[in-house]
**Q** 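Questions regarding the structure given below will be posed in turn.
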Amino acid sequence: MIISWNITKACNINCMHCYRDAGGKAAGELDTGEGKKLLTEIAEAGFKIVILSGGEPLLRSDVYELIAYARSLKLRPVLGTNGMLITPEVAVRLKDAGLACAGISLDSRDKAKHDRFRGAAGIWEQTLQGMAACQQAGLPFQIHTTVMNWNAKEIASLTDFAVAAGAVAHHVFFLVPTGRGKDIAETSLKTAEYEALLEQLLEKQKEVPIEIKPTCAPQFMRIAKQKEISVRFSKGCLAGTAYCVILPNGDVHPCPYLPMKAGNVRQAAFNTIWQNSPILSEFRSEPLKGGCSRCGFDDVCGGCRARAYYYSNGDYMAEEPWCSYGR
């Protein structure tokens, strides 16, 4: 099981698609003591991987302490970052604290396109310097790419770039229109392009030595099964079943892209929320609707619940809008 904790809403850049609408630090963010209590409860609930993200997590001065504490609990701490603040010294500190891997965002090989999407000039170069610092320190890192209609054709070349840069994986995130992402919803890949890229990624996996993981595109599991391509994952969408997110203020949501509060860790222990929340229970027991109920792959796919929520006026059990299989 895997969990994300947005440890701060503060960020040093202004990305067009940010699901957390990050910028300034939010009021009431969990402090170090509360964070350690949360990590203890996450471990007690049976989670194995904890993603520390934001905002930009490296803006929290206690991030190294939180990483070390997570490691002491036998959790596997990873980081979701823009990479700009990873100097050689920071990379060493992260490794020494026990960070397992740094996930660094890179959306184009064209620096101008990446910088425009991320909100300022010079970001692309600083991000690559962060990757180089990780490699120099022996800290594993992977590249995270958000795919939209303007960069879809270069995703395969970004995988090749990831291999050449020494990354251990390339995770490709399909845009979900939430937060500032609502303002660029029209750039999402639609049905045919969505399916075609997933097929391309699965074929590309056969050619490269690193992991390629589509995210917020659970149909990759159906396609892998149809093409008899072996993947190490058990299901596409894990929202509320084997995954959730903690917001900076302690609110618990089924996934980062679903604005549905299941509880708050200041009011109840996380493991209690995880086990007993009525909202999370619905994700585990309620049947899917529409094409997702008929396709025959709901056990390995599940459809993107966040995208269903957005395009069906709040019905998170609705069919996946950009998948035509089963309709």
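Note that the structure is predicted; figures quoted are calculated from it, not measured. Residues take their numbers from the sequence shown, with the count starting at 1.
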**Q** Spell out, yes or no, whether Leu247 and Leu30 are grouped together once hydrophobic residues are joined by side-chain heavy atoms under 4.5 Å, including indirect joins.
**A** no
**Q** Measure across Ala262 and Leu280 and return the closest heavy-atom pair with its distance rounded to 0.1 Å.
**A** CB-CG, 3.9 Å
**Q** Before you tell me yes or no, could you show the steps for Leu58 and Leu79 under side chain to side chain contact (heavy atoms under 4.5 Å, CB included), namely the whole-Å CA-CA distance, both residues' side-chain angles and the distance that decides it to 0.1 Å?
**A** CA-CA 9 Å; Leu58 290 174; Leu79 201 67; 4.0 Å; yes
**Q** Let me know which of Gln205, Gln200, Lys206 forms a side chain to side chain donor-acceptor pair (under 3.5 Å) with Glu203.
**A** Lys206
**Q** Going through the checks in order, is the side chain to side chain contact (heavy atoms under 4.5 Å, CB included) test met by Thr81 and Phe141?
**A** CA-CA 10 Å; Thr81 174; Phe141 72 94; over 6 Å; no
**Q** Could you report the tightest heavy-atom contact between Cys323 and Arg222, atom names first, then the distance?
**A** SG-NH2, 3.3 Å
**Q** Can you find a heavy atom in the side chain of Lys190 that is under 4.5 Å from one in the side chain of Glu195?
**A** no
**Q** Does Gln142 reach the main-chain N or O of Ala169 with its side chain, forming a donor-acceptor pair under 3.5 Å?
**A** no
**Q** Is there a donor-acceptor contact under 3.5 Å from the side chain of Arg307 to the main chain of Cys216?
**A** yes
**Q** Compare all side-chain heavy atoms of Arg118 with those of Ser105 and state whether any distance is below 4.5 angstrom.
**A** yes
**Q** Among side-chain atoms of Asp107 and Thr145, is any donor-acceptor pair under 3.5 angstrom?
**A** no
**Q** Quick one: are Asn149 and Leu189 in side-chain contact, heavy atoms under 4.5 Å?
**A** yes
**Q** Under 4.0 Å between a side-chain nitrogen and a carboxylate oxygen: does that hold for Lys37 and Glu41?
**A** yes
**Q** Which is it for Leu106 and Leu128 under the side chain to side chain contact (heavy atoms under 4.5 Å, CB included) test, yes or no, and what are the steps along the way?
**A** CA-CA 9 Å; Leu106 186 72; Leu128 264 60; 3.8 Å; yes
**Q** Quick check against the 3.5 Å criterion: does Asp115 have a side-chain atom that pairs as donor or acceptor with the backbone of Ile123?
**A** yes
**Q** In a check of side-chain contact (heavy atoms from CB on, under 4.5 Å) between Val231 and each of Lys225, Glu211, Met221, which one passes?
**A** Met221
**Q** Could I get the full list of side chain to side chain donor-acceptor pair (under 3.5 Å) partners for Lys213, not counting sequence neighbours?
**A** none
**Q** Cation-pi between Arg20 and Trp5: NZ/CZ under 6.0 Å from ring centre and within 45° of the ring axis?
**A** no
**Q** After noting the C-alpha distance and the side-chain angles of Val168 and Ile210, does the key distance pass the side chain to side chain contact (heavy atoms under 4.5 Å, CB included) rule?
**A** CA-CA 5 Å; Val168 298; Ile210 67 172; 5.6 Å; no
**Q** Between Lys95 (side chain) and Ala137 (backbone), is there a donor-acceptor pair under 3.5 Å?
**A** yes
**Q** If hydrophobic clusters are built from ILVMFWY residues whose side chains come within less than 4.5 Å, do Leu175 and Tyr257 share one?
**A** no
**Q** Got a second to check how far Glu29's CD is from Glu34's CD, nearest 0.5 Å?
**A** 11.0 Å
**Q** Among residues at least two apart in sequence or on other chains, which ones pass ring-ring contact (aromatic ring centres under 6.0 Å, His included) with His144?
**A** His171, Phe173
**Q** Examine distances only and state if a side-chain atom of Arg180 and a backbone atom of Cys15 form a donor-acceptor pair shorter than 3.5 Å.
**A** yes
**Q** Can you name the closest pair of heavy atoms from Lys235 and Gly302 and give their distance?
**A** CE-CA, 4.1 Å
**Q** Under 3.5 Å, side chain of Arg71 to main-chain N/O of Gly98, donor-acceptor pair present?
**A** yes
**Q** If you group Ile, Leu, Val, Met, Phe, Trp and Tyr by side-chain heavy-atom gaps below 4.5 Å, do Ile7 and Met84 land in one group?
**A** no
**Q** With a 4.5 Å limit on heavy-atom distance, are the side chains of Phe161 and Ser108 in contact?
**A** no
**Q** Taking all heavy atoms of Ala268 and all of Ile273, pick out the closest pair and write down the distance.
**A** O-CD1, 3.7 Å
**Q** How many angstroms lie between atom OG1 of Thr187 and atom CZ of Phe117, to the nearest 0.5 angstrom?
**A** 7.0 Å
**Q** To the closest 0.5 Å, what do you measure between CE (Met148) and CD (Glu193)?
**A** 14.5 Å
**Q** Pick out which of Phe220, Trp322, Phe174, Tyr325 makes a ring-ring contact (aromatic ring centres under 6.0 Å, His included) with Tyr194.
**A** Phe174
**Q** Would you name the heavy atoms of Leu201 and Pro214 that are closest together and state the gap between them?
**A** CD1-CG, 4.1 Å
**Q** Locate the shortest heavy-atom distance separating Arg266 from Asn249; write the atom from each residue and the value.
**A** NH1-O, 3.4 Å
**Q** Is there a donor-acceptor contact under 3.5 Å from the side chain of Glu154 to the main chain of Asn151?
**A** no
**Q** Are Tyr243 and Val50 linked, directly or through other ILVMFWY residues, by side chains that come within less than 4.5 angstrom of each other?
**A** no
**Q** Is the closest side-chain heavy-atom distance between Phe283 and Cys255 below 4.5 Å?
**A** no
**Q** Give a yes or no on whether the backbone of Leu258 and the side-chain of His253 come within a donor-acceptor separation of less than 3.5 Å.
**A** yes
**Q** Side chains of Asn12 and Glu56: any donor to acceptor distance under 3.5 Å?
**A** no
**Q** Measure from the side-chain N and O atoms of Glu286 to the backbone N and O of Met317, and report whether any donor-acceptor pair falls under 3.5 Å.
**A** no
**Q** If two hydrophobic side chains count as joined below 4.5 Å and joins carry through other members, does Tyr19 share a cluster with Leu52?
**A** no
**Q** If a pair satisfies side-chain hydrogen bond (donor to acceptor under 3.5 Å, both in side chains) and one of its residues is in residues 290-300, list it, with sequence neighbours excluded.
**A** none
**Q** For salt bridge (Lys or Arg N to Asp or Glu O under 4.0 Å), just list the numbers for Asp21 and Lys9, CA-CA rounded to whole Å, side-chain angles, deciding distance to a tenth of an Å, and then say yes or no.
**A** CA-CA 8 Å; Asp21 195 16; Lys9 194 178 176 183; 5.1 Å; no
**Q** Is the backbone N or O of Asn82 less than 3.5 Å from a side-chain atom of Thr127, with the two atoms forming a donor-acceptor pair by type?
**A** yes
